[in-house]
2 protein chains.
Amino acid sequence: MGMMVINPDGVAVRTTMDSTHTNSYSAILSRLTDQARSAIRDLDPLNEVTFIRLRSRKNEILIAPDKEFNLIVVQTPADVESNHAKQSTQ
Amino acid sequence: MGMMVINPDGVAVRTTMDSTHTNSYSAILSRLTDQARSAIRDLDPLNEVTFIRLRSRKNEILIAPDKEFNLIVVQTPADVESNHAKQSTQ
């Protein structure tokens, strides 16, 4: 898991993840952030996306889009962690 | 604000919103749900999106994507509501 700061070109300027994950996450999540931003604007031109939370079976992705930079956090939700702990003790 | 159930073709089969909002929200949010689904799958083919929360300045959109149907809830967050209340009493 980890976090990164992405510039307007979709390039990570800070990251705690390895380069492979950083490159794929920054490219894919920058594109999704832009898609979410235009979806909100299509619905209401006077509105603006301020936070995106994407929960999946394996992790949770939090995106704080800003004018200049996007902050992305990838974390393992508590319930997924406890499942892993149970499996490793069986 | 309101809620709707969208079928795989992006058509609302249940809705509490007027038809104009239902048509625009169902079309735009179905597309965004598909984009989120493929973003998660691009990052990890064995993973699957289970919930999307999209916070914007004016409202909060909750999307529970399922195999067959997507449930979409559009709500006004408490802090936005209290701002409206303050403005109307000034």
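So that the names make sense, note that chain A is the first sequence line, chain B the second, and so on, each numbered from 1.
- Residues I28(B) and L54(A) share a single hydrophobic cluster, defined by chaining ILVMFWY side chains whose heavy atoms lie under 4.5 Å apart.
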TODO: Kindly indicate, with the supporting measurements, whether the criterion side chain to side chain contact (heavy atoms under 4.5 Å, CB included) is fulfilled by R55(B) and V49(A).
DONE: CA-CA 6 Å; R55(B) 176 69 203 269; V49(A) 67; over 6 Å; no
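- Criterion: ILVMFWY side-chain heavy atoms under 4.5 Å apart, direct or through other members. Under it, V5(B) and M1(B) are not part of a common hydrophobic cluster.
- In this view, N59(B) and S56(B) satisfy the side-chain hydrogen bond (donor to acceptor under 3.5 Å, both in side chains) rule, not counting sequence neighbours.
- Proximity to chain A among residues 7-17 of chain B is not found for any residue, judged by heavy-atom separations below 4.5 angstrom.
- Interface with chain A: from residues 30-43 of chain B, residues R31(B), L32(B), Q35(B), A36(B), A39(B), I40(B), D42(B), L43(B) qualify, criterion being any non-hydrogen pair under 4.5 Å.
- Residues of residues 60-69 of chain A lying within less than 4.5 angstrom of chain B, judged on heavy atoms, are I61(A) in numerical order.
- Partner K58(A) forms a side chain to side chain donor-acceptor pair (under 3.5 Å) with one of D44(B), N47(B), T50(B) and no other, that one being D44(B).
- The hydrophobic clustering, which links ILVMFWY residues whose side-chain heavy atoms are closer than 4.5 Å, places F51(B) and L71(B) together.
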